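This is a predicted model, so every value here is computed, not measured. Values below: every heavy atom of this structure, side chains too, minus hydrogens, waters and symmetry copies. The chains referred to below are lettered A, B, ... by the order of the sequence lines, with proteins before strands, and numbering in each begins at 1.
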2 protein chains.
Amino acid sequence: MDALSDAQQKLMPEMSELLKKRYQILQTINLEQPIGRRTLSEVAGATEREIRKETDLLRNQQLIEMKTAGMTVTSQGLEVLEKLKVFVREMSGLTDMEKQLQTILKISKVVILPQDSDEIPAVKTHIGKEAARLLEALFIRHKKIAVTGGSTMAAISKELSISKPDRALQFIAARGGLGEDVLHQANTIAAAFAEKTGGSFKTLYLPDHLSAEAFAMMMKEPVIKEMMDLYDQTDVVVHGIGNAEEMAVRRHSSLEEVEKIRSGGAVSEAFGYYFDKDGKIVYRIRTAGIQLEQVQKASTILAVAGGGSKARAILSYFKNAPKPTVLVTDEGAARKILGLTKKLEEL
Amino acid sequence: MDALSDAQQKLMPEMSELLKKRYQILQTINLEQPIGRRTLSEVAGATEREIRKETDLLRNQQLIEMKTAGMTVTSQGLEVLEKLKVFVREMSGLTDMEKQLQTILKISKVVILPQDSDEIPAVKTHIGKEAARLLEALFIRHKKIAVTGGSTMAAISKELSISKPDRALQFIAARGGLGEDVLHQANTIAAAFAEKTGGSFKTLYLPDHLSAEAFAMMMKEPVIKEMMDLYDQTDVVVHGIGNAEEMAVRRHSSLEEVEKIRSGGAVSEAFGYYFDKDGKIVYRIRTAGIQLEQVQKASTILAVAGGGSKARAILSYFKNAPKPTVLVTDEGAARKILGLTKKLEEL
DNA sequence: TTCTATTGGGACAAAAAACGTCCAGCTAGA
DNA sequence: TCTAGCTGGACGTTTTTTGTCCCAATAGAA
């Protein structure tokens with residue numbers, strides 16, 4: 001923050017919030033366009049009246065256009081969005097928080113997006129877009145990419161948009177069906193990534209909850225074995241981080257599993273591994289899929305998770321996460337993580 | 001104006017006015033401190049409520065302090081004032097206008113201060129302060145300074161504040177008593193300048209409206225002659241510009257004089273000379289005092305006049321003003337001058 | 001083509017904020 | 001000691017903002 005805007009804020013303290021709010025609205029319109037007043041008010045977490053007031057202003061400023069199909073951002077609007085990007089980040093203190101989190105979580109990079117995806121659904125799209133941009137930059141040097149499932153991963157796939165298709169890209173489903181919603185399964189996500197980028201994908205289909213013998217047998221199957229080899233060659237891993245209990249429920253885990261997860265004090269989940277508050281592995285779903293050791297061998301790992309509700313899980317997972325991990329998260333999660341660590345320090 | 005603030009203004013159009021308003025209030029407090037709510041509202045041209053709202057905010061921001069004696073600017077406030085100075089000027093388009101006026105009036109420099117002194121009394125103080133600063137810079141190289149009378153000149157004297165007294169400075173009253181209010185006579189002003197700077201002053205006392213013979217006789221008197229010689233050695237001239245008719249009335253001019261002034265189409269007045277709209281001399285008060293030729297010989301001339309009502313007079317005087325003149329004026333006058341010249345061009 | 005979901009704009013009462021305008025009590029300086 | 005000028009509090013009135021409908025138009029699906 002330069003001296004000028006510092007002085008500006010002294011003289012106009014209301015400016016800060018106002019600017020952030022309008023910027024966020026403009027950005028959301030940009031991502032969801034064409035979008036109407038009502039839909040926007042839901043997705044941006046504001047009342048219809050407020051959205052209306054602000055969009056009327058944005059239109060007067062010729063930053064957006066209103067057609068019968070909905071509101072769209074003009075070229076001028078895009079320009080403003082671009083010019084103020086860094087400024088809004090600085091002003092919200094996001095740059096500062098990124099540095100702090102980087103130190104606390106002991107990883108190479110942290111990217112924080114404004115607001116809280118728990119409160120404002122559109123923030124998920126922002127996270128997806130940012131992760132997509134980061135991932136696209138990796139495509140140049142890395143071609144073998146393992147992906148997990150989850151709604152966050154789905155958000156990334158929606159935002160991928162590569163300039164020219166790259167047939168060399170290979171997306172590998174990091175896990176088999178884990179009882180999740182089909183749309184959010186790793187297999188589906190891998191396919192989506194491939195479709196968006198022009199690459200190919202490899203899926204892993206294995207029924208859940210196999211007996212030990214059946215599992216051992218399957219592992220000898222060539223189709224499955226091939227996947228295991230691919231995991232060894234993985235350059236990049238893209239994954240979400242879940243809340244342990246939430247994931248257990250979503251996966252319709254057996255009572256036995258749930259008991260293990262609960263008694264072990266699991267907090268977070270990633271690639272089918274459950275971690276406690278100190279990052280120790282409490283339980284792992286016995287199924288084929290990428291192994292933690294294989295993840296650690298990857299040159300870059302992209303962890304994506306946002307929302308205040310994910311704060312504990314993120315903190316837990318990163319106790320023992322690989323150094324070359326890049327975390328993409330949001331302000332809600334970031335603030336809570338900082339709050340939690342501060343509390344711990346005080347004790 | 002850089003791209004960032006440009007984008008900021010696109011997103012927050014109300015910012016511009018708000019910032020200007022608060023800046024002006026803060027600046028006025030700075031100049032008139034300690035000052036109370038009511039006095040400030042009068043001098044700044046705003047309602048008491050509005051002033052109260054803004055000053056409450058400024059206090060919360062710790063830019064001003066409120067004591068029983070009145071409001072004062074804190075060191076933080078001063079800092080803000082300093083940091084935003086250039087920015088507010090740019091934003092109001094004053095820098096642009098200065099360049100335009102410089103070309104139109106064909107002089108070396110123009111300084112425009114925000115707002116209109118006709119509407120807001122405090123602006124006169126701003127003009128005075130700015131002129132004082134410019135004048136002080138000249139003191140280093142120039143020691144013989146001729147000054148005229150008028151309320152604007154009085155405002156300058158109030159704002160003079162030199163770091164260390166300079167006994168070498170000599171202030172010369174450019175004219176004798178011209179029937180004006182004693183406080184605003186050139187003699188009084190010269191004395192005030194001298195007092196503030198530690199210099200000396202020379203006054204010229206001559207009754208108004210002398211007969212031709214008496215006048216000739218007086219000019220031979222040593223005291224008077226000495227003044228005439230001083231005018232020849234003058235380095236710097238500081239003067240105001242008046243509206244012709246207004247000045248004639250204020251000086252209780254004779255009917256004969258008024259007739260000459262009116263029939264000649266006089267618009268402006270300076271050093272006792274009356275000029276028509278083309279800058280031609282229409283009439284001059286026959287009295288001792290600095291001659292136009294002597295003014296033209298000075299190395300720097302500081303002309304000070306503000307307020308929309310002075311626009312025509314300024315335009316008139318500068319038709320034939322010396323090149324090395326620096327004009328200090330306000331936004332009100334500047335805008336009107338630009339408006340008038342635009343109208344003329346269209347015809 | 002028709003139907004349906006969604007759009008921007010209009011409208012309006014209720015709630016909230018801003019405003020104009022006093023007064024009381026205090027304090028610094030004449 | 002007195003007075004002018006200051007701040008802070010108060011309050012009815014006006015203005016603005018807010019929440020919440022409805023409506024005609026339209027785009028896109030069927």
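- Other residues, nucleotides and ligands contribute only 12 or fewer heavy atoms inside 6.0 Å of the NZ atom of A:Lys158.
- With hydrogens and angles left out, the side-chain atoms of A:Gln9 and A:Asp6 include no donor and acceptor closer than 3.5 Å.
- Read 5' to 3', the first and last nucleotides of DNA chain C with an atom closer than 4.0 Å to a heavy atom of chain B are C:dC19 to C:dA28.
- Aromatic ring centroids of A:Phe171 and A:Phe193 lie under 6.0 Å apart.
- Distance, A:Leu57 CG to D:dT18 P: 13 Å, rounded to whole Å.
- Within 3.5 Å, no donor on the side chain of A:Arg52 pairs with an acceptor on the base of D:dG19, nor the reverse.
- The NZ atom of A:Lys53 sits 16 Å away from the C1' atom of D:dT20 (whole-angstrom rounding).
- For A:Arg133 and A:Glu130, the salt-bridge test fails: no basic side-chain N is under 4.0 Å from an acidic carboxylate O.
- In summary, B:Lys10 and A:Glu79 do not engage in a salt bridge, as defined by a charged side-chain N under 4.0 Å from a carboxylate O.
- Judged by distance alone, the side chains of B:Asp330 and B:Ser117 do bring a donor and an acceptor atom under 3.5 Å apart.
- Remark: B:Arg38, B:Thr47, B:Glu48, B:Arg49 in residues 26-50 of chain B come within less than 4.0 Å of DNA chain C through at least one heavy atom.
- Nearest heavy atoms, B:Ser41 versus B:Arg38: OG-O, 2.7 Å.
- For the segment residues 64-73 of chain B, residues with any heavy atom less than 4.0 angstrom from an atom of DNA chain D are, sorted by number, B:Met66, B:Lys67, B:Thr68, B:Ala69, B:Gly70, B:Met71.
- Rounding to the nearest 0.5 Å gives a distance of 9.0 Å between OG of B:Ser5 and CD of B:Glu90.
- Of the charged side-chain nitrogens involved, at least one lies within less than 4.0 Å of a carboxylate oxygen, so that A:Arg59 and A:Asp56 count as a salt-bridged pair.
- When only modelled atom types and interatomic distance are considered, B:Asp118 and B:Ser309 share a side-chain donor-acceptor pair under 3.5 Å.
- Across all strands, B:Arg59 comes closer than 4.0 Å only to sugar-phosphate atoms, never to a base (heavy-atom distances).
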